[in-house]
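Read the numbers this way: they start at 1 and go in the same order the structure lists the ligands and their atoms.
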Amino acid sequence: MDCLFCNIATKKVSSEIVTEDEDFLAFRDIYPKARIHLLVIPKRHIESLKDIGGRDSDLIGRLMLKVAEIAREQGLEGYKVGINVGKKGGQEVDHLHIHLLGNA
Ligand code: 5GP
Ligand code: ZN
């Protein structure tokens with residue numbers, strides 16, 4: 001399986017990484033739609049929010065905590081968090097990712 005965001009997570013494809021730990025990676029969106037536009041992903045390949053189940057509750061919970069922590073570190077007072085789900089939901093890259101967008 002050739003997945004762009006798996007390749008970004010393993011550094012086979014370069015990106016502007018903002019922060020990383022064992023389970024998550026945050027990097028700048030290549031076409032930013034806000035002053036700060038980050039993509040936060042689990043390193044483990046999950047195709048879409050549609051594919052999560054009870055076994056993922058800990059990972060998804062920690063992913064949201066990570067997004068809030070990154071927003072704090074970026075100095076954002078307010079921001080938007082979004083997930084596109086499925087082709088019909090505007091998802092272009094089939095590896096679960098959270099858009100974190102903030103201007104202020
Ligand atoms: P989606 O539409 O799947 O929710 O969002 C995919 C996002 O990935 C888009 O905002 C797009 O700009 C971004 N993107 C696509 N290819 C690359 C890439 O190679 N590197 C980075 N950093 N972002 C990418
Ligand atoms: Zn992947």
Task: Which atom of Tyr79 lies closest to which atom of Leu100, heavy atoms considered - done: CD1-CD1, 3.3 Å
- [ ] Drop me the distance from Leu39's CG to Phe27's CZ, to the nearest 0.5 angstrom.
- [x] 4.5 Å
- [ ] List the atom of Asn84, the atom of Gly89, and the distance in Å for their closest heavy-atom pair.
- [x] CB-O, 3.3 Å
Task: Shell of protein N/O/S atoms around the Zn ion (ligand 2), taken as anything under 2.8 Å - done: Cys3 SG, Cys6 SG, His45 ND1, His95 ND1
Task: His99 and His97 aromatic centres sub-6.0 Å - done: yes
Task: Exercise: identify the closest heavy-atom pair between Phe24 and Arg62 - done: CE1-NH1, 3.7 Å
TODO: Give a yes or no on whether the backbone of Leu59 and the side-chain of Asp56 come within a donor-acceptor separation of less than 3.5 Å.
DONE: no
- [ ] List, ordered by chain and residue number, the protein residues whose closest non-hydrogen atom lies under 4.0 Å from any atom of ligand 1.
- [x] Leu4, Phe5, Ile8, Phe27, Arg28, Asp29, Ile30, Tyr31, Lys33, Leu39, Asn84, Gly90, Gln91, Glu92, Val93, His97, His99
Task: Closest approach of Met64 to Val81 (non-hydrogen atoms, all atoms of both residues) - done: CE-CG1, 4.2 Å
Open item on the list: Among residues at least two apart in sequence or on other chains, which ones pass salt bridge (charged side-chain N to carboxylate O under 4.0 Å, His left out) with Arg28?
Closed with: Glu16
Task: Remaining members of the apolar cluster that contains Tyr31, side-chain heavy atoms under 4.5 Å - done: Ile30
